[in-house]
2 protein chains.
Amino acid sequence: MGSSERKEREKAELKELILDTSKRLLLKFGKHGLSVRKIAKEIEYSPATIYLHFKDKDEILHELMEMGFMLMNKYMVPAFAEKDPSKRIYEIGRAYIKFGLEQADWYDLMFNSDEPMKHVEKCREDWDEGMALFNFLTITCNEAIEKYSLKGYDAQIIALQLWSVVHGLVNLALTDRLGIVQPSDQKILIDKVLDSTIHCLFKK
Amino acid sequence: MGSSERKEREKAELKELILDTSKRLLLKFGKHGLSVRKIAKEIEYSPATIYLHFKDKDEILHELMEMGFMLMNKYMVPAFAEKDPSKRIYEIGRAYIKFGLEQADWYDLMFNSDEPMKHVEKCREDWDEGMALFNFLTITCNEAIEKYSLKGYDAQIIALQLWSVVHGLVNLALTDRLGIVQPSDQKILIDKVLDSTIHCLFKK
DNA sequence: GTTTTTAATGAACAATGTTTAGTAAAAGAA
DNA sequence: TTCTTTTACTAAACATTGTTCATTAAAAAC
C-alpha cells in the first residue's frame with residue numbers, strides 16, 4: 001500500500017502535463033498547431049497514451065476552455081471593482097473586447113468552437129463560468145435600470161444585447177471583416193461602437 | 001478551329017459542375033461534408049482534376065462565398081423595398097438573422113471562415129458583395145438620423161453597431177451559447193434583442 | 001516465485017489537402 | 001495517313017489528422 005497513492009499522483013501529474021503542453025501549443029501555434037500527435041511528441045509519449053487520460057481531443061479542448069475563463073477573469077477584475085453600474089458595464093465591455101483581441105485563440109475556443117460543446121456530455125455544467133459572467137452582467141444591467149429609472153427595460157435582454165455587440169465586434173475583427181468595411185484603426189472603431197451602444201442605452 | 005471553343009465550353013462546364021457539386025455537398029452535409037475528395041468522387045473524376053480548375057480548396061470556398069451572397073440577397077429583397085428608414089433597418093436585421101439561422105453553413109462560410117479570406121489574393125475585391133450590403137445599411141442609417149434629427153450620431157458607427165448585434169446574435173445561436181444562458185425560445189429572445197436595439201436607437 | 005493488474009506503445013485505419021510523374025487521347029501539321 | 005505536340009486526366013505518393021486495439025514490459029499483489 002501507499003504505492004497506489006504515488007501511482008495516482010503520477011497519473012494526475014501526467015494529465016496535468018498534457019494540459020499544460022496543450023495550453024502551450026495553443027498559445028504558440030494557435031488552434032491549428034494543437035493536435036493530439038503534437039502533444040504526444042512534445043511530452044515524449046505515444047499518441048495512444050493521451051487517450052488513457054482523455055476520452056477525446058474534445059475533452060482536452062473542453063478543459064482548456066475552462067482555463068480560458070480563468071484567464072478572462074483576470075481581465076475582468078478591474079471592471080468588477082467599478083461601483084457605478086453604467087460605468088461597470090462599459091468596463092466589462094472593454095475588458096471583454098480586450099481579451100477577445102489579445103487572446104484570439106482562447107476566445108475562439110471559448111466562444112466559437114462547437115466541438116468541445118457538442119461532444120462532451122457535461123457541456124452545460126461546465127459553461128457555468130460563462131454563465132456566471134453573463135449573470136453578473138445582467139445584475140449590473142438591473143442596477144443601471146434602477147439607477148436611471150428606465151421603464152420597460154428587461155435587464156436580461158439588455159445584457160444579451162450588450163453581449164451580442166461585443167461578441168459580434170470581436171468576431172468581425174478576428175475574421176478580418178472590419179478592416180474591409182472600414183480600413184481605419186480598428187480599436188478606435190470598436191471603441192466608438194461600444195461607446196455608442198452604452199450611450200444610447202443609459203445616457204439619454 | 002471551332003473545336004477549341006467547344007473545349008473551352010466543356011472546361012467551363014466542368015468547373016461549373018464542380019461548384020454545383022460543392023454547393024450541394026455543403027447544403028447536404030455541412031462544411032465537414034465538403035472535401036476535395038468527396039467532390040471528386042461525386043463528379044466521378046480524380047481529386048487531381050479539381051486542381052486543374054481551382055488552385056486551392058480555398059478558391060472553391062471563395063466562389064461558394066459569392067454564391068452565398070446571392071442567396072442572402074433574396075432574403076433582403078423585401079427589406080430593401082421598405083420606405084421608412086427605421087423600419088427598413090429593422091427588416092434588414094430580421095432578414096439577416098433569418099438568413100443566418102436558416103442557412104447556417106452559408107453564413108459560417110461567408111462571415112466566419114478565415115481560409116477563403118486569407119489565402120485568396122483577391123479577397124478584398126470579392127467581398128464587395130458584403131460591403132455593398134454594409135454600405136446600404138449605412139445609407140439607411142443616415143436617412144434615419146436625418147428623419148429623427150439625431151445629433152451627434154455617426155451613421156457608420158450605428159451601422160456597425162447594428163451589424164455587430166445581429167452578427168453576435170446569430171453566432172451565439174449557431175454555437176449553442178444562447179440556449180445555455182436562456183433556454184427559452186431562441187427566436188423570440190433574438191427578436192426581443194433586435195427590437196431593443198432599434199428601439200433604443202431610433203424610437204426615443 | 002507466480003499471478004494479476006497496470007502503463008505504454010506500435011501499427012493500423014480511415015480520413016484530409018496537395019503534388020508530381022506519367023499515360024492516353026485528341027488536335028494540329030506534314 | 002503519319003508524326004508531333006498539346007491537352008485532359010489520373011494513380012500513386014506524401015504528410016498530415018483523430019482514434020483504436022492487440023501486444024509487451026513492468027510493477028504490484030499474492
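A, B, ... follow the sequence lines: proteins, then strands. Residue 1 opens every chain.
Taking atom CG on Leu52(B) and atom P on dC9(D), their separation rounds to 7 Å, with Å as the unit. Note: CZ (Arg9(A)) to P (dA27(D)) measures 16 Å, nearest angstrom. Rounded to an integer number of Å, the gap from Arg37(B) CZ to dC14(D) C1' is 11 Å. Here the P atom of nucleotide dA14(C) and the NE2 atom of His32(B) are 21 Å apart, to the nearest Å. The distance between atom NZ of Lys57(B) and atom C1' of dT16(C), rounded to the nearest whole Å, is 8 Å. Spacing between atom NZ of Lys11(B) and atom C1' of dA8(D) amounts to 9 Å, rounded to whole angstrom units. Rounded to a whole Å, the CD atom of Glu44(A) is 14 Å from the P atom of dA8(C).
Residue contacts shown for Thr49(A) include a base, since a base heavy atom lies under 4.0 Å away.
OP1 or OP2 of dT17(D) sits under 4.0 Å from a side-chain N or O of Ser35(A). The phosphate of dA15(C) (OP1 or OP2) has no side-chain N or O of Lys38(B) nearer than 4.0 angstrom. Using a 4.0 Å cut-off, some side-chain N or O of Tyr45(B) falls inside it from OP1 or OP2 of dC9(D).
The shortest non-hydrogen separation linking Arg177(A) to Met110(B) is NH2-O, 2.6 Å.
Tested against Glu143(A) for a salt bridge (charged side-chain N to carboxylate O under 4.0 Å, His left out), the candidates Lys87(A), Arg88(A), Lys83(A) yield a single pass: Arg88(A).
Electrostatic pairing of Lys31(B) and Asp108(B) counts as a salt bridge here, judged by a charged N lying under 4.0 Å from a carboxylate O.
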